[in-house]
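Here's the structure we're looking at; comments come further down.
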Amino acid sequence: ETVLKLDGVQRRYNAGSRAEVAVLRGVSLTLVPGELIALVAPSGAGKSTLLHIAGLLDRPDDGTVHIAGQNVAGLSEAARTTLRRDTVGFVYQFHHLLPEFSALENVMLPQRAKGTSVAAATDRAVGLLDRVGLSARASHRPAALSGGEQQRVAFCRALANGPKLLLADEPTGNLDPDTAEQVFSALVDVARETGLAGLVATHNPALAARMDRQVRLEGGYLVPA
Ligand code: ADP
Ligand code: ADP
């Protein structure tokens, strides 16, 4: 069983014009449950493009994308949205938490949007925050939390609907090394416990080295790093 399977994925921008740029030329990658892969890419290499395609936010020009065994090519926009919501979690360098809501409420939101009851969403959010050591901070708004705490809340929010795949874009990029280590350890623990698979873009070699595998995006292809 694969969580994510990319086969020969191509993506170019401004096709047919003089500004055409082939960002992904033939990207193939397989992730199985519980596997953590570090994605290393110099700026401009196409990291965001790749993560957006893997997360069903963008479509390839050529090649195929399977999520949880399903070829997504034939899916309607609505079906893609549902599959994204139920299967994929996103974490970015900046947390994008809603400032007027508490940590707990931020983690509850994706579940409420899906129609989960308040009671069940609360239970799950409490459990997730507990797992990353934030029980005592659940009622705080993001502004009252440290950078590392904010990223851990964002991580819990990404996990709220029980995704199989976590896509993370420099999730510890704006944290000091100790805090980055803390957030990253929470991520690794959860993946090991739950079978969550993760594709984690990072510039931090020490963190990348702790993943199962490292791949580098280079000239439009993925190569072992
Ligand atoms: P990274 O995340 O690795 O910095 P991106 O995937 O954002 O790279 O972009 C890769 C390349 O594609 C860059 O040269 C960028 O300028 C270009 N690019 C990204 N998005 C677009 C777009 N919508 N239209 C045209 N060019 C784009
Ligand atoms: P960063 O600058 O840290 O990369 P952004 O402000 O670009 O963070 O993060 C917002 C990103 O979220 C955008 O790249 C956008 O394409 C992406 N995005 C758009 N729709 C969704 C969605 N439904 N779920 C998650 N991310 C989304």
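One-based numbering, in listed order, for ligands and for the atoms of each.
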Q. More than 12 heavy atoms of other residues, nucleotides or ligands under 6.0 Å from CZ of R85: is that the case?
A. yes
Q | Polar side chain donor-acceptor pair, N14 to S17, under 3.5 angstrom | A | no
Q | Protein heavy atom at shortest distance from atom 14 (O) of ligand 1 | A | G44 O, 4.0 Å
Q. Do S28 and Y221 meet the criterion of a side-chain donor-acceptor pair at a distance under 3.5 Å?
A. no
Q: Could you find the nearest protein heavy atom to atom 25 (C) of ligand 1 and give me its residue, atom name and distance?
A: Y13 CB, 3.3 Å
**Q.** Taking atom 7 (O) of ligand 1 as the reference point, the nearest protein heavy atom with its distance
**A.** S48 CB, 3.6 Å
(Q) Ignoring hydrogens and geometry beyond distance, is a side-chain donor-acceptor pair present between Q150 and S146 at under 3.5 Å? (A) no
Q. Quick check: does A45 get an N/O under 3.5 Å from an N/O on ligand 1?
A. yes
Q) How close does the nearest protein non-hydrogen atom get to atom 8 (O) of ligand 1, and which residue and atom is it? A) G46 N, 3.2 Å
Q: Spell out, yes or no, whether L145 and F101 are grouped together once hydrophobic residues are joined by side-chain heavy atoms under 4.5 Å, including indirect joins.
A: no
Q) Taking non-hydrogen atoms only, is A41 closer than 4.0 angstrom to ligand 1 via side chain, backbone, both or neither? A) neither
**Q.** Reported CZ-to-CZ distance for the pair F155 and F90, which is rounded to 0.5 angstrom
**A.** 15.0 Å
Q. Should V23 be counted as touching ligand 1, given the test is an N or O pair under 3.5 Å?
A. no
Q) Under 4.0 Å from atom 22 (C) of ligand 1, is there any protein heavy atom? A) yes
Q: Can you pull out the closest protein heavy atom to atom 6 (O) of ligand 1? Residue, atom name and distance to 0.1 Å, please.
A: T49 OG1, 2.5 Å
**Q.** Modelled atom types, side-chain donor and acceptor of T64 and N71, under 3.5 Å
**A.** no
Q: For ligand 1, indicate whether the residue N14 contacts it via side chain, backbone, both or neither (heavy-atom separation under 4.0 Å).
A: side chain
**Q.** Flag: protein heavy atom within less than 4.0 Å of atom 16 (O) of ligand 1
**A.** no
(Q) What I'd like to find out is whether the side chain of V32 reaches to under 4.5 Å of the side chain of V3, using heavy atoms alone. (A) no
